[in-house]
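What follows is a short report on a single structure.
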There are 2 protein chains.
Amino acid sequence: MATATIKDVAREAQVSVASVSRALNGGRGVTAETSQRIREAATRLRYMPHAAARMLITRRTNTIGALLPDLYGEFFSELIRGIDLAARARGLHLLVSSSHDDAAAAAVALRAMQGRVDGLLLMSPHADAAFLRQNLPHDLPTVLMNTRLAGDDYCALSVDNDGGARMMVEHLLAIGHQRIVFIQGPPGNRDAGERELGYREALVSHAPDSPVIMLRGDFGEESGYRAGQEVLGMRPRPDAVFAANDMMAIGCMAALREAGICVPEEIAVSGFDDVPMARYVTPPLTTIQVHIAELGGQAMELLGEQIDHPDQVMTGIHRRVAAKLVVRGSTGAAPG
Amino acid sequence: MATATIKDVAREAQVSVASVSRALNGGRGVTAETSQRIREAATRLRYMPHAAARMLITRRTNTIGALLPDLYGEFFSELIRGIDLAARARGLHLLVSSSHDDAAAAAVALRAMQGRVDGLLLMSPHADAAFLRQNLPHDLPTVLMNTRLAGDDYCALSVDNDGGARMMVEHLLAIGHQRIVFIQGPPGNRDAGERELGYREALVSHAPDSPVIMLRGDFGEESGYRAGQEVLGMRPRPDAVFAANDMMAIGCMAALREAGICVPEEIAVSGFDDVPMARYVTPPLTTIQVHIAELGGQAMELLGEQIDHPDQVMTGIHRRVAAKLVVRGSTGAAPG
DNA sequence: CTGAAAGCGCTTACAG
DNA sequence: CTGAAAGCGCTTACAG
């Protein structure tokens, strides 16, 4: 027996398909008895409405799409959770798509969303104005997350990387550090760039005499380890390290530990993200906490607004998710 | 301008919609010139085929659904990644659905899949035989992951919890431990139950004189911490703790550390899962590694087979993903 | 309250 | 090679 359709239910209940549709969608315009009979028939046949048919006629998929660079790791795990919870609260399904190595793959993914989703949450290195204009289904509500902005044509949401980085540098300066090394993220990475900018701004504002010292990194723990080794060779030795993310900070601490350097007594180390692991390393890592789930949740809220009120102009809105300084042991002591 | 449909393209290219369809789907049965003209028209109008319409007529969604208990945390992050990679390799989209607190919610989620997906990956505490029969769209290829099995009616895949736990106990016995405490997972949790079973089996087989000692836990770090405190009060003191997962082992180590007990010199501690954090705690945690991404990937492969060969009987297949012992510092030393 | 009919945007035999 | 037509499973004005 194949899956029952609305026709089968209509036949079983001795009514028209129109009545079945009405009875099963709220029951307005059908007598209670008819409705009851239809429901029983539906249950008997194990009827499940065919989503695609409904999508086609109602122009509603009750699904939102999330195009992300990756699905793996703490960051995306939290992000997806935030999106999922907010979507669920609105009764929306979640279609995820990730790992579009190049613009062509991202374009295919974007185009495939047409007719599958009511709105799009987009985080992509390829998302510039021209790319979006070419590949985004027309009139599809979209919210950009942590993405290079395309003028004021879209609604966007991003983490306050700049503000967070400034907070961290101000903290390091406040406890007496002068020579603060910054370990960079991957070249071209927007978050990394904004964090670097915050570092520079804070030094300019509060410690114009402190040197700007950059080490290369790529957000991976290994690159932090290598940067830590470089720090060991620097003279005069820096008294603090600020890594553009936690994993590099953790790698850096490993390199310092191996060389017998005490953190935080000899060098303070700090990161950015507040990954769960940050509180478990020894010493626990001072970092900037960004409520990533909130980034996802707020993006979903903005998208929900757009979907519910298509006429309301929301392009050009750009919100920032606040960052928060979390001081732990790795910067716990003032320098000697 | 609204999004262009196939009709608009047909008009623009001066052909029938049938030809547009053919040209855009491989180009068989159309001359190169016609095809070219159609493609140009499509590009000019920024035509994107409407997925729902195509799904309805082709009976193919090119989407697979993943019903999971949660999306958050290392485990699901890895699982989703494994699924995503395997799905992408087959050109399939991924629809995720999670957090169905009760059976009713899970049923709604399951039924909503009808017409949205070509197959289902299912991990749910509610998935027993009757539940599935009632709510699973008929004929929908399905693979159960780590789920209580419903006879031989479905295709299933799960982690070798039992074997992994036995390996761990054998390791602890081999390095000389006698009194091994087991910290349980949430009551009713299948993985936790299988791990407990493995612990019991290994003791019966290899150390019938060693006591079976159980402490309650719920997979959360806090519960491990509390279990650690209980261990402190036990006389004679156990010489090893085997927690049903890593987070509890980490919580347990925290409690022991606070009490001044040295791990592994005074008590060995071990976990299960090999979360990324396991290697960063002090001392690094001995644990059982399960390649979770592989669980997702293999499940997707099985599902792909079912989708591609609907006539092939695959129910009753039950594969296990191997577990592996990873010895680190937390069990590094033999007891005094 | 109920039903017949149109139509959502596609694909695919079937003719020509 | 090309097009007219049927049909996928629904929903929703429009009549009655």
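Each chain gets a letter, A, B and so on, in the order its sequence line appears, and its residues count up from 1.
Residues satisfying the side chain to side chain contact (heavy atoms under 4.5 Å, CB included) test with A:S77, not counting sequence neighbours, are B:Y72, B:S77. For A:D160, the side-chain hydrogen bond (donor to acceptor under 3.5 Å, both in side chains) criterion is met by no residue, not counting sequence neighbours. Evaluation of the side-chain hydrogen bond (donor to acceptor under 3.5 Å, both in side chains) rule for B:H291 yields no partner, not counting sequence neighbours. With sequence neighbours left out, B:R54 forms a side-chain hydrogen bond (donor to acceptor under 3.5 Å, both in side chains) with B:N25.
DNA chain C contains the following stems of three or more consecutive Watson-Crick or G-U pairs, with both distances under 3.5 Å: C:1-3 with D:14-16, C:5-12 with D:5-12, C:14-16 with D:1-3.
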With side chain to side chain contact (heavy atoms under 4.5 Å, CB included) as the criterion, how do A:Y154 and A:V143 come out once you've worked through the C-alpha distance, each side chain's angles and the decisive distance to 0.1 Å? CA-CA 7 Å; A:Y154 299 95; A:V143 173; over 6 Å; no
Would B:N146 and B:D191 satisfy side chain to side chain contact (heavy atoms under 4.5 Å, CB included), going step by step from the backbone distance to the final call? CA-CA 7 Å; B:N146 269 21; B:D191 291 312; 2.9 Å; yes
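Nucleotides of DNA chain C that come within less than 4.0 Å of any heavy atom of chain A span, from the 5' end to the 3' end, C:dC1 to C:dG9.
A residue-by-residue look at A:M48 and B:S19 shows that B:S19 has its nearest nucleotide of DNA chain D further toward the 5' end. Residues B:S35 and B:I57 each lie close to DNA chain D; by heavy-atom proximity, the contact nearer the 5' end of the strand is made by B:S35.
A distance of 4.0 Å separates CE of B:M55 from CZ of A:R116, quoted to the nearest 0.5 Å. Considering CZ of A:R81 and CZ of B:F76, their distance stands at 11.0 Å, rounded to 0.5 Å.
Base engagement by B:R22 is indicated by at least one non-hydrogen atom pair under 4.0 Å involving a base atom.
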